[in-house]
There are 2 protein chains.
Amino acid sequence: MDTTDSKATGSKATDQNALGGIDPATVSRLRLAIARIHRQMVQASSGQGLTFAQLSALARVEQHGPLRLGELAARERVAASSMTRTLAPLTAAGLVGKAPDPQDGRSWLIEVTAHGREVLAEIRRERSEMLAARIGGLTAEQCAALHAAIPVLEALTDEPE
Amino acid sequence: MDTTDSKATGSKATDQNALGGIDPATVSRLRLAIARIHRQMVQASSGQGLTFAQLSALARVEQHGPLRLGELAARERVAASSMTRTLAPLTAAGLVGKAPDPQDGRSWLIEVTAHGREVLAEIRRERSEMLAARIGGLTAEQCAALHAAIPVLEALTDEPE
DNA sequence: TATTGTTATACTCTATAACTATA
DNA sequence: TATAGTTATAGAGTATAACAATA
C-alpha cells in the first residue's frame, strides 16, 4: 500500500535531505534488498544459457560498440583477468567477436555479433520471469515507485568520476 | 537530471500499467542494474568483516528471533548446506548462538547474541560508504525516487506465497 | 522411513600474482 | 621498462549428493 515506509525512514526525512542522501540505516536496507534480489535472480536464471556476468558484459559491449578488453573490464568494474574468463564462452558461442586491434598488437577489439544481438533481444523479452512475476504482484503505486527508481539505480552503477 | 528516462520506458507507460507490471525490456534493465550494484557492493565491502551472505543471515536472525537452521535457510532462500557454511563463522565469532532445539533433537535454534546486535548496529551505521557516497551524488529528485522504491525492493525479496 | 543438519565435492565469479607478447 | 591480455591459483557463495543422528 504505502511505499514510503514509516518505521525506519519516515522520521529522518528532513536531515536525510539536508545531507543530500539517505540515512545509513536505510542505505543498509537498500544494500540488503539488492543483495537478496540478486541472489534470487541468480538462482532463478541458473542454467538458462548466459550467466549474469556474461549477460552484463554482452549488454555493455552491445551498448558501447567495439571496446578493448581492458576498457570493457574497466567499465564493468572487474579485473582484466575476470573479463578474459567471462568473454571466453561468449566468443566460443559466437555472441561477441574478438578482432586484433589495428592500433595495438597487444590488444583486442570486442564487438557484439548479429547473433549476440539476437540472443540479447531474446533474453530481454523472455528471461525475467521471476522478477517480472514478483513485480506483477505489486500494487500500482509500488510499481510506479519502482519504475521511477530504475534510472536512479542505473545511475548508481555508473562511475562516480 | 530526469529520473523518468524516456528512451526505453516512457513510450510503454500505458500497456505497462495495463499488465500491472513493467515491460520486459525495463525489467531487464532493473536486473542488470541490481546485478551491477551488487557486484560493486561486494567489491567495496570485501575484507570488512562480515560477508554479504553472513550479514544477510545475521540480519534475518535478528529480525525473526530464534529460528531453526532449516527455517533460516528457507527464509534466506538458500540450501541448508549453504546456511550451515554461512553460520559457521558467525557462531565462531559469537555473533549468533546455536542452542539445541528442545522440541527436536536433530535441530538447532539460531539466535543473535548481544555482540551480534552490536556488530549489526555498527555495520548499519558505518558500512555503506560506497553506496552512500553514490547516493550523495544524486539529485534530490533521484534521491526521493530511490527512497520511495526501497520498501518496494524489499517487497520483491519476500516470498510470493 | 522421513527429516534435520553436516560433509564432500563442484561450479561460477572474482581477485592477485606470475607470465607472454607487444609498445 | 611499461602495458595488454592470459593463465594459475585461491576464496566466497552456492548447489547436489551422500551421510549422520533423530523422529
Side-chain angles (χ1 to χ4, degrees), chain A residues 32 34-58 60-61 66-93 96 98-110, chain B residues 32 34-58 60-61 66-93 96 98-110:
Chain A
L32 217 45
I34 287 172
R36 287 172 174 165
I37 294 173
H38 177 259
R39 178 158 62 191
Q40 293 176 37
M41 291 193 309
V42 169
Q43 289 168 344
S45 63
S46 78
Q48 283 196 354
L50 296 191
T51 67
F52 261 85
Q54 291 162 8
L55 174 59
S56 185
L58 182 56
R60 183 81 65 178
V61 171
L67 282 172
R68 306 203 319 179
L69 185 143
E71 290 175 336
L72 177 55
R75 293 206 192 220
E76 285 288 295
R77 298 273 191 283
V78 298
S81 63
S82 303
M83 190 50 68
T84 296
R85 293 205 183 279
T86 299
L87 286 182
L90 296 179
T91 52
V96 301
K98 216 172 140 179
D101 183 343
Q103 315 214 310
D104 189 335
R106 299 167 299 179
S107 196
W108 302 92
L109 289 177
I110 318 292
Chain B
L32 217 47
I34 287 172
R36 286 171 174 166
I37 294 173
H38 178 259
R39 177 159 63 192
Q40 293 176 37
M41 290 193 310
V42 169
Q43 290 168 343
S45 63
S46 78
Q48 283 195 353
L50 295 192
T51 68
F52 261 85
Q54 290 163 8
L55 174 59
S56 184
L58 182 56
R60 183 81 67 176
V61 170
L67 281 172
R68 304 203 320 178
L69 184 141
E71 290 174 336
L72 177 55
R75 294 207 192 219
E76 284 289 293
R77 298 271 190 283
V78 298
S81 63
S82 302
M83 190 49 69
T84 295
R85 292 203 185 283
T86 298
L87 287 182
L90 296 180
T91 52
V96 302
K98 216 171 141 181
D101 184 343
Q103 314 214 309
D104 189 334
R106 297 168 300 181
S107 198
W108 301 92
L109 289 177
I110 318 292

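Lettering follows sequence order; numbering is per chain, from 1.
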Please list residues of residues 49-58 of chain A whose heavy atoms come under 4.0 Å from any atom in DNA chain C, ordered by number; otherwise none.
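Only Thr51(A), Phe52(A), Ala53(A) qualify.
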Between [N] atom [atom2] and [X] atom [atom1], what is the distance in whole Å?
X	N	atom1	atom2	answer
Leu72(B)	dT14(D)	CG	P	12 Å
Leu67(A)	dA4(D)	CG	P	14 Å
Leu87(B)	dT14(D)	CG	P	12 Å
Met41(A)	dT12(C)	CE	P	19 Å
Ile110(B)	dT6(C)	CD1	C1'	13 Å
Arg68(B)	dT22(D)	CZ	P	15 Å
Glu76(B)	dA12(D)	CD	P	18 Å
Leu69(A)	dT3(D)	CG	C1'	13 Å

Is Arg39(A) near enough to dG13(D) that one of its side-chain N or O atoms lies under 4.0 angstrom from OP1 or OP2?
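So the side-chain polar atoms of Arg39(A) never come under 4.0 Å of the phosphate oxygens OP1 or OP2 of dG13(D).
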According to a strict under-4.0 Å criterion, is Lys98(A) in side-chain N/O contact with OP1 or OP2 of dT6(D)?
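Answer is yes, contact under 4.0 Å.
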Picking from dG5(D), dT14(C), dT6(C), which would you name as closest to the side chain of Trp108(B)?
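Of the candidates, dT6(C) comes closest.
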One character per nucleotide, please: for nucleotides 15-23 of chain C, 5' to 3', B when the base has a protein heavy atom closer than 4.0 Å, S when only the sugar-phosphate does, - otherwise.
BB----BBS
Rounded distance [0.5 Å steps], CG in Leu69(B) versus CZ in Arg106(B)
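Result: 13.0 Å between the selected atoms.
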Distance check, rounded to the nearest 0.5 Å: Ile37(A) atom CD1 versus Arg77(B) atom CZ?
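Interatomic distance, Ile37(A) CD1 to Arg77(B) CZ, rounded to 0.5 Å: 12.5 Å.
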Do you know which two heavy atoms are closest between [X] and [Y], and how far apart they sit?
X	Y	value
Ile110(B)	Arg68(B)	CG1-C, 4.4 Å
Leu109(B)	Pro102(B)	CD1-CD, 4.0 Å
Pro89(A)	Gln54(A)	CG-NE2, 3.5 Å
Pro100(A)	Trp108(A)	N-CE3, 3.8 Å

Going by the rule salt bridge (Lys or Arg N to Asp or Glu O under 4.0 Å), which residues pair with Glu76(A) if we only count those two or more places apart in sequence or in a different chain?
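Partners of Glu76(A) by the salt bridge (Lys or Arg N to Asp or Glu O under 4.0 Å) criterion, ordered by chain and then number, come out as Arg60(A), Arg36(B), Arg39(B).
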Quick one: label Ser107(B) by what it contacts on the DNA or RNA (base, sugar-phosphate, nothing), any heavy atom closer than 4.0 Å.
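Answer is sugar-phosphate: Ser107(B) comes under 4.0 Å of backbone atoms only.
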Using the test side chain to side chain donor-acceptor pair (under 3.5 Å), find all partners of Asp101(A) that sit at least two apart in sequence or belong to another chain.
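For Asp101(A), no residue satisfies side chain to side chain donor-acceptor pair (under 3.5 Å) once neighbours in sequence are set aside.
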Side chains of residues 79-86 of chain A: which donor-acceptor partners sit under 3.5 Å, not counting sequence neighbours?
residue	atom	partner	partner atom	Å
Thr84(A)	OG1	Ala80(A)	O	3.2
Thr86(A)	OG1	Ser82(A)	O	3.0

